[in-house]
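Notes follow once the structure below has been shown.
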Amino acid sequence: PLFRSAVEFLSEPKTVFKSPHFPLVNYMSPDHNISMPVFSIHGNHDDPAGHGGHSAMDVLSVSGLVNYFGHVQDISSIEVFPILLRKGRTKLALYGIGHVRDERLHRAFLKGNVKLQRPEEDTDDWFNILTIHQNRRKHGLTSYIPEQFLADFLDLVVWGHEHD
């Protein structure tokens with residue numbers, strides 16, 4: 001497919017995709033014909049709270065239909081590695097934090113337990129996008145994620161879970 005040859009995937013798949021069943025970006029798989037890859041985090045309605053910490057996103061991922069990332073496995077230490085994509089001279093670092101109960105994630109940010117890892121080379125040359133499925137608007141003392149919790153180097157934040 002055209003996408004395979006045009007966009008380089010530069011990340012170590014095991015650091016960004018948590019599924020051992022489909023440990024590579026789907027458009028690079030010889031078994032799939034993906035012309036427009038989808039990268040997705042989970043929301044609160046497909047939370048990985050099922051048996052073994054799996055969700056519907058895991059099923060789509062192991063089928064090779066989506067590239068599922070942003071699954072927080074340990075709330076006491078959240079280390080977010082970006083999906084690194086390059087096309088020509090354009091470099092994109094895509095970060096993801098799937099839904100975590102707002103109060104728990106708020107507390108993790110306050111304790112300094114959330115770290116977004118920057119690309120090792122040419123750190124300032126990347127366009128940095130964070131996808132996050134949390135409340136941005138205050139719904140209580142800790143039932144949201146204030147924008148000031150997020151790293152200053154982010155160029156764009158795509159918020160999910162907005163209902164107002």
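Computed from heavy atoms alone, side chains included, the values below leave out hydrogens, waters and symmetry copies. Note that the structure is a prediction, hence the values are computed from the model and not measured.
With rounding to the nearest 0.5 angstrom, the CZ atom of Phe109 is 11.0 Å from the CD atom of Gln148. Here Glu147 contributes atom CD and Leu154 contributes atom CG; the two are 11.0 Å apart, rounded to the nearest 0.5 Å. To the nearest 0.5 Å, atom OG of residue Ser40 and atom NE2 of residue His133 are 10.0 Å apart.
For Glu120, the CD atom counts as loosely surrounded, since its 6.0 Å shell holds 12 or fewer non-hydrogen atoms of other residues, nucleotides or ligands. Atom CD of Glu121 sits in a sparse spot, with 12 or fewer heavy atoms from other residues, nucleotides or ligands closer than 6.0 Å. Heavy atoms of other residues, nucleotides or ligands lying less than 6.0 angstrom from CG of Leu141 number 12 at most.
With a 4.5 Å cut-off on side-chain heavy atoms, Ile97 and Leu105 count as touching. A 4.5 Å side-chain heavy-atom check between Leu85 and Leu94 finds every atom pair outside the cut-off. In this structure the side chain of Asp102 never reaches within 4.5 angstrom of the side chain of Thr142, judged on heavy atoms. Looking at Phe17 and Leu24, their side chains never come closer than 4.5 Å, going by heavy atoms from C-beta outward. For the pair Val158 and Ile132, the minimum side-chain heavy-atom distance is 4.5 Å or more. Looking only at side-chain heavy atoms (C-beta outward), Pro48 and Tyr68 come within less than 4.5 Å of each other. With contacts defined as side-chain heavy-atom distances shorter than 4.5 Å, the pair Ile83/Leu92 does not qualify. Two residues are said to be in side-chain contact when any heavy atoms from C-beta on lie closer than 4.5 Å; Ser77 and Asn113 fail this criterion.
A salt bridge links Arg101 to Glu103: at least one charged side-chain nitrogen sits closer than 4.0 Å to a carboxylate oxygen. A salt bridge links Arg86 with Glu8: the closest approach of a Lys/Arg side-chain nitrogen to an acidic carboxylate oxygen falls below 4.0 angstrom.
Listed for the Asn67 side chain is a donor-acceptor partner under 3.5 Å among the backbone atoms of Asn26. For Asp155 (side chain) and Asn128 (main-chain N/O), a donor-acceptor pair under 3.5 Å exists by modelled atom type. For the pair Ser143 (side chain) and Gly140 (backbone), a donor-acceptor distance under 3.5 Å is present. At least one donor-acceptor pair under 3.5 Å links the side chain of Ser55 to the backbone N or O of Met57. Although no hydrogens or angles enter the test, the distance criterion places a donor-acceptor pair under 3.5 Å between the side chain of Thr131 and the main chain of Tyr95. Not a single donor-acceptor pair under 3.5 Å links the side chain of Ser63 to the backbone N or O of Leu65. The closest donor-acceptor contact from the side chain of Gln134 to the backbone of His161 lies at 3.5 Å or more, if one exists at all. No donor-acceptor pair closer than 3.5 Å links the side chain of Asn135 to the backbone N or O of Arg137. Side chain of Lys91 to backbone of Gly88: no donor-acceptor contact under 3.5 angstrom is found.
The same ILVMFWY cluster, assembled from side-chain heavy atoms under 4.5 Å apart, contains both Trp159 and Ile78. Hydrophobic clustering of Ile, Leu, Val, Met, Phe, Trp and Tyr side chains at less than 4.5 Å, counting indirect connections, keeps Leu84 apart from Met28. Residue Leu156 is grouped with residue Phe81 when hydrophobic side chains (ILVMFWY) are merged at heavy-atom distances under 4.5 angstrom, including chains of intermediate members. Cluster annotation: Ile129 and Val114 are assigned to distinct hydrophobic clusters (Ile/Leu/Val/Met/Phe/Trp/Tyr, side-chain heavy-atom contacts under 4.5 Å, transitive). The hydrophobic clustering, which links ILVMFWY residues whose side-chain heavy atoms are closer than 4.5 Å, places Trp126 and Leu150 apart.
Residues His106 and Phe149 bring their aromatic ring centres within 6.0 Å. Between His32 and Tyr27, a ring centre-to-centre spacing not shorter than 6.0 Å is recorded.
Nearest heavy atoms, Ile75 versus Arg104: CG2-NH2, 3.1 Å. Nearest heavy-atom pair across Arg136 and Tyr144 is O-CD1, 3.7 Å. Nearest heavy-atom pair across Ile41 and Gly98 is CB-CA, 4.0 Å.
Taking the ring centre of Phe153 as origin, the terminal cationic atom of Arg118 falls inside the region bounded by 6.0 Å and 45° from the ring axis.
Here Asp47 pairs with His42, Ala49 under the side chain to side chain contact (heavy atoms under 4.5 Å, CB included) rule; sequence neighbours left out.
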